[in-house]
Novice: 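This is the structure I want to talk about, given as structure tokens.
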Amino acid sequence: MLDAIERKMNMFGLFKKKTLQLDKPMEGSVVDITTVPDAVFSQKMVGDGFAVNPTAGTVKAPCSGKLVQIFPTNHAFGIVTEEGVEVLVHIGIDTVELGGEGFERLVEPGVQVTAGQAIIEVDLDVLKSHDKSIITPVVITTPDKVKAIDVQMGDTDKAGAKVTLV
């Protein structure tokens with residue numbers, strides 16, 4: 001009898017776990033966020049997530065949602081999902097110091113974006129020529145919305161994170 005009630009409740013989504021898939025926003029390898037050469041990210045001061053060691057400069061939305069912010073220097077952007085999860089993509093480390101050099105905005109803030117949609121184009125060689133790390137953190141800045149994060153490391157298409165929501 002209890003199994004039948006649970007099955008009916010699952011049909012209506014009452015016991016289903018809500019999850020959010022965060023794809024890697026750039027081609028390259030997903031690495032542990034604790035390896036990022038900036039304590040703000042590696043010590044998870046702004047939130048938890050993962051980082052990408054990129055091999056190409058097209059930066060895409062890691063999930064669908066509203067593009068709420070692109071920093072004036074185009075080095076970082078934020079997306080809010082329909083569940084209210086805020087995701088920050090920060091392209092490189094200390095790249096704000098470049099004043100926008102090497103970054104091209106492809107989309108303006110305030111629009112709905114879909115996972116995989118190109119947001120920023122970055123010339124990784126420009127970052128490297130200024131001795132900036134190209135490692136790109138992807139951080140959930142609303143930890144109160146998240147129960148668990150399961151990061152899949154490596155350079156496969158499945159690399160990224162499965163986020164279990166509260």
Side-chain angles (χ1 to χ4, degrees), residues 10-31 33 36 40-41 44-93 95-96 98-124 126-127 134-166:
N10 280 335
M11 277 186 356
F12 295 109
L14 298 176
F15 284 141
K16 290 184 181 176
K17 288 183 180 176
K18 292 182 188 177
T19 60
L20 170 67
Q21 178 65 39
L22 293 180
D23 299 328
K24 60 182 180 177
M26 304 172 80
E27 292 298 316
S29 292
V30 170
V31 297
I33 197 162
V36 173
V40 170
F41 297 109
K44 303 179 185 181
M45 293 180 195
V46 292
D48 200 356
F50 60 92
V52 177
N53 190 7
T55 56
T58 301
V59 188
K60 302 172 185 175
C63 58
S64 296
K66 185 173 183 178
L67 183 64
V68 292
Q69 181 178 23
I70 297 180
F71 286 71
T73 55
N74 298 322
H75 76 286
F77 61 89
I79 296 173
V80 176
T81 70
E82 69 177 30
E83 299 87 5
V85 177
E86 297 175 8
V87 180
L88 170 70
V89 177
H90 192 283
I91 307 159
I93 301 301
T95 50
V96 67
L98 299 178
E101 181 183 354
F103 295 91
E104 179 186 354
R105 182 182 300 197
L106 305 176
V107 180
E108 291 300 320
V111 299
Q112 288 295 124
V113 294
T114 57
Q117 181 177 345
I119 308 294
I120 301 282
E121 193 66 42
V122 59
D123 186 334
L124 298 175
V126 169
L127 275 59
I134 60 173
I135 197 159
T136 299
V138 179
V139 181
I140 295 173
T141 59
T142 48
D144 58 311
K145 304 266 185 197
V146 175
K147 188 174 189 175
I149 299 175
D150 179 27
V151 177
Q152 178 69 43
M153 307 287 185
D155 60 1
T156 68
D157 289 339
K158 294 184 180 188
K162 182 178 179 182
V163 181
T164 304
L165 306 176
V166 175

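Below, each value reflects all heavy atoms present in this structure, side chains not excepted, and no hydrogens, waters or symmetry copies. The structure displayed is predicted, hence computed values, not measured ones.
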Novice: Between T58 and A118, what is the shortest heavy-atom contact and its length?
Specialist: CG2-CB, 3.8 Å

Novice: Step by step, work out the side-chain contact (heavy atoms from CB on, under 4.5 Å) result for V85 and L165.
Specialist: CA-CA 9 Å; V85 177; L165 306 176; 3.6 Å; yes

Novice: Passes side-chain contact (heavy atoms from CB on, under 4.5 Å), H90 versus T95? Steps please.
Specialist: CA-CA 9 Å; H90 192 283; T95 50; 4.1 Å; yes

Novice: Would you say T164's side chain and K147's backbone share a donor-acceptor pair under 3.5 angstrom?
Specialist: no

Novice: Does the plane of the ring in H75 sit parallel, tilted or perpendicular to the ring in F103? Use 30° and 60° as the thresholds.
Specialist: perpendicular

Novice: Between V126 and G102, what is the shortest heavy-atom contact and its length?
Specialist: CG1-CA, 4.0 Å

Novice: Search all heavy atoms of A115 against all heavy atoms of D23 and return the closest pair with its distance.
Specialist: CB-OD2, 4.1 Å

Novice: Is it the case that more than 12 heavy atoms not belonging to E82 sit under 6.0 Å from its CD atom?
Specialist: no

Novice: Count the heavy atoms of every other residue, nucleotide or ligand shown that sit under 6.0 Å from CG of D144, and state whether that count exceeds 12.
Specialist: yes

Novice: Checking I119 against V59 for the side-chain contact (heavy atoms from CB on, under 4.5 Å) test, could you report, in this order, the C-alpha distance in whole Å, the side-chain angles of both residues, the deciding distance, and whether it holds?
Specialist: CA-CA 6 Å; I119 308 294; V59 188; 5.5 Å; no

Novice: Step by step, work out the side-chain contact (heavy atoms from CB on, under 4.5 Å) result for V146 and D48.
Specialist: CA-CA 10 Å; V146 175; D48 200 356; over 6 Å; no

Novice: Taking all non-hydrogen atoms of both residues, which atom of T114 and which atom of S64 are closest, and how far apart?
Specialist: CA-OG, 3.3 Å

Novice: Sub-3.5 Å donor-acceptor pair from the side chain of K24 to the main-chain atoms of D155, do we have one?
Specialist: yes

